[in-house]
Amino acid sequence: MTSNNNSAISESELRTTDLHPMIRYIELNDRKHNVTEVEISIPYGKIAGKWFGPKNVQPILCLHGWLDNCGTFDRLIPLLPADMSFLAIDFPGHGHSSWVPDGMAYHQLESVILIQQIMDEYKWEKLAIMGHSMGAIIAFMFTAFFPEKVEFLIGIDALKPHSYYPGKFVQFAAPLLMKFVEADKRNRHKSEPPSYTYEEMVDKMHEATFESVTKETAPFILQRNIKPSKKFPGKYYFDRDNKVKYNNIPGWSDEVNWDLGKRVKVPHLTIKAEDSPYPGSWQGFKPMVAVLKEHNPLFQVEFVKASHHVHLTDPELVAPIINEFLKKYWIKHSDKLASKL
């Protein structure tokens, strides 16, 4: 495990830098909120992340959504208790984390294993998890598989793995498998992807998320998602591994999800965005809520009038809900290893 403590950046540096002003603004924002860059070693490289808050307190592990990165929590975490710590990571292939080797694929179950690897790195016996979208799904799976390892679980606008059924699964999976092969071939060419102006990047993210990420908040995710073009000064290209677009196969039916839900006995908060444009966030939601309510008296579901990235675009809507939950269930643990950051 290594870390990089950022030194202060002056306002003059902000004005004279060659990078887009929003990039430097977010760097300044990190320093304002006591954020430290973290790297965790894994067999094929590193997991990058951002540690918010005290370094001698075990953090809540924060898991981002599909094609996002840990910057998705930049506006929420500063609204949560200052005496708590939060470790927001970039999943492999996202943000500043390593890509899997050429020829290898991404699968969400591997991210479940990744949580255990992070626990081993920090010598945690148990942990608390907060996730958004894909991150909430992975947190749910880890908790269901290893309920004895989790203190509490917070999920934002996702509750369970996507479901697949006979007759539809092959039609869905086969084309994605071939697209993965094509993306893997492109990676081996090592050529620079298409580049755009920063403003065009913002527009593309806004459109690609069905306008769930606003143009005003897109820079918080773009910060770890783009690199300056070497060919075209003043332009940028997306720097995530395109293979991660095909990481949600194979899957299983909702009957399996219900069995998993019966195993979740820890305090569990899920926040549902009522205006979410992602059909997958609603698929099987009510039956899963019914299972969790029946088998877990510590399960809580709350609804907010907002879109899928509510924690980024409207953090003031979800922060009070999360803060009340944390008051009930957060337990302070010292983290001697992290105190060396």
Side-chain angles (χ1 to χ4, degrees), residues 33-34 51-65 70 72-89 115 118-119 122 124-133 135-160 260-274 281 285-286 288-306 309-312 314-335 338:
H33 292 109
N34 191 23
W51 187 298
F52 297 74
K55 306 304 184 292
N56 61 344
V57 176
Q58 180 176 327
I60 297 170
L61 183 64
C62 302
L63 307 177
H64 65 77
C70 67
T72 192
F73 294 104
D74 280 4
R75 301 188 72 226
L76 171 63
I77 291 176
L79 301 182
L80 304 182
D83 60 336
M84 298 183 187
S85 292
F86 301 84
L87 174 57
I89 64 163
I115 295 177
I118 293 172
M119 292 182 69
Y122 285 101
W124 297 335
E125 294 182 2
K126 300 184 73 172
L127 83 167
I129 318 176
M130 178 168 66
H132 166 249
S133 194
I137 292 170
I138 291 167
F140 169 84
M141 288 193 289
F142 184 87
T143 305
F145 290 139
F146 309 109
E148 73 284 357
K149 296 178 182 287
V150 178
E151 292 185 343
F152 62 76
L153 167 63
I154 300 171
I156 302 171
D157 208 43
L159 186 54
K160 64 174 185 61
L260 291 173
K262 294 174 184 178
R263 293 172 53 85
V264 178
K265 304 293 185 181
V266 300
H268 181 186
L269 167 66
T270 188
I271 299 174
K272 186 75 191 75
E274 294 181 343
S281 69
F285 179 80
K286 290 183 178 179
M288 189 77 249
V289 166
V291 170
L292 291 167
K293 284 185 174 180
E294 179 181 356
H295 295 273
N296 185 5
L298 301 178
F299 173 70
Q300 174 184 350
V301 58
E302 301 289 344
F303 295 87
V304 292
K305 189 69 175 174
H309 286 81
V310 56
H311 63 300
L312 175 65
D314 301 280
E316 67 281 355
L317 294 181
V318 296
I321 300 171
I322 294 173
N323 283 331
E324 284 300 314
F325 182 84
L326 293 175
K327 285 181 184 178
K328 291 181 182 179
Y329 300 114
W330 181 70
I331 301 173
K332 182 176 180 179
H333 299 289
S334 63
D335 196 317

When the aromatic ring centroids of His268 and Phe152 are compared, is their separation below 6.0 Å?
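No, they do not, as the ring centres are separated by 6.0 Å or more.
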
May I ask you to decide if [Y]'s main-chain N or O and [X]'s side chain share a donor-acceptor pair within less than 3.5 Å?
{"X": "Asn296", "Y": "Leu298", "result": "yes"}
{"X": "Asp314", "Y": "Val310", "result": "no"}
{"X": "Asp157", "Y": "Ala136", "result": "no"}
{"X": "Arg263", "Y": "Phe145", "result": "yes"}
{"X": "Arg75", "Y": "Pro315", "result": "no"}

Can you sort out the partners of [X] under salt bridge (charged side-chain N to carboxylate O under 4.0 Å, His left out), two or more places apart, ordered by chain and number?
{"X": "Lys305", "value": "Asp275"}
{"X": "Glu302", "value": "none"}
{"X": "Lys332", "value": "none"}

Do [X] and [Y] have side chains that approach each other closer than 4.5 Å (heavy atoms only, starting at C-beta)?
{"X": "Ile156", "Y": "Ser133", "value": "no"}
{"X": "Pro147", "Y": "Lys265", "value": "no"}
{"X": "Met288", "Y": "Leu292", "value": "yes"}
{"X": "His132", "Y": "His309", "value": "yes"}
{"X": "Glu151", "Y": "Tyr329", "value": "no"}
{"X": "Ile129", "Y": "Ile154", "value": "no"}
{"X": "Leu79", "Y": "Val318", "value": "no"}
{"X": "Phe73", "Y": "Leu312", "value": "no"}

Full working for side chain to side chain contact (heavy atoms under 4.5 Å, CB included) between Ile115 and Leu63
CA-CA 10 Å; Ile115 295 177; Leu63 307 177; 3.9 Å; yes

Of the non-hydrogen atoms in [X] and [Y], which two are nearest, and what is the gap between them?
{"X": "Thr143", "Y": "Ala139", "result": "OG1-O, 2.8 Å"}
{"X": "Ala306", "Y": "Ala273", "result": "O-CB, 3.4 Å"}
{"X": "Gln58", "Y": "Lys126", "result": "NE2-O, 2.7 Å"}

Flag if over 12 foreign heavy atoms under 6.0 Å of CD, Glu125:
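No.
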
Interatomic spacing from [atom1] in [X] to [atom2] in [Y] - rounded to 0.5 Å:
{"X": "Trp330", "Y": "Asp83", "atom1": "CH2", "atom2": "CG", "value": "5.0 Å"}
{"X": "Phe86", "Y": "Met130", "atom1": "CZ", "atom2": "CE", "value": "5.5 Å"}
{"X": "Asn56", "Y": "Ser85", "atom1": "CG", "atom2": "OG", "value": "7.0 Å"}
{"X": "Leu61", "Y": "Ile89", "atom1": "CG", "atom2": "CD1", "value": "5.5 Å"}
{"X": "Ile60", "Y": "Leu127", "atom1": "CD1", "atom2": "CG", "value": "10.0 Å"}
{"X": "Phe140", "Y": "Leu153", "atom1": "CZ", "atom2": "CG", "value": "8.5 Å"}

Pair Phe52-Asn34, side chain to side chain contact (heavy atoms under 4.5 Å, CB included): steps then yes or no:
CA-CA 6 Å; Phe52 297 74; Asn34 191 23; over 6 Å; no

Hey, what's the ring geometry for Trp51 with Tyr122, parallel, tilted or perpendicular (30° and 60° as the breaks)?
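Aromatic pair Trp51/Tyr122 classed tilted.
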
Evaluate the side chain to side chain contact (heavy atoms under 4.5 Å, CB included) criterion for residues Val301 and Ile271: first the C-alpha distance (whole Å), next the side-chain angles of each, then the deciding distance (0.1 Å), finally the verdict.
CA-CA 6 Å; Val301 58; Ile271 299 174; over 6 Å; no

Verdict with reasoning, Leu260 to Lys160, per side chain to side chain contact (heavy atoms under 4.5 Å, CB included):
CA-CA 9 Å; Leu260 291 173; Lys160 64 174 185 61; over 6 Å; no

Could you check whether Thr72 and His311, counting side-chain N and O atoms only, form a donor-acceptor pair closer than 3.5 Å?
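Judged by distance alone, the side chains do pair up.
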
Under a 3.5 Å cutoff, is there a donor and acceptor pairing between the side chains of Lys272 and Ser281?
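Lys272 vs Ser281: donor-acceptor pair found between side chains.
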
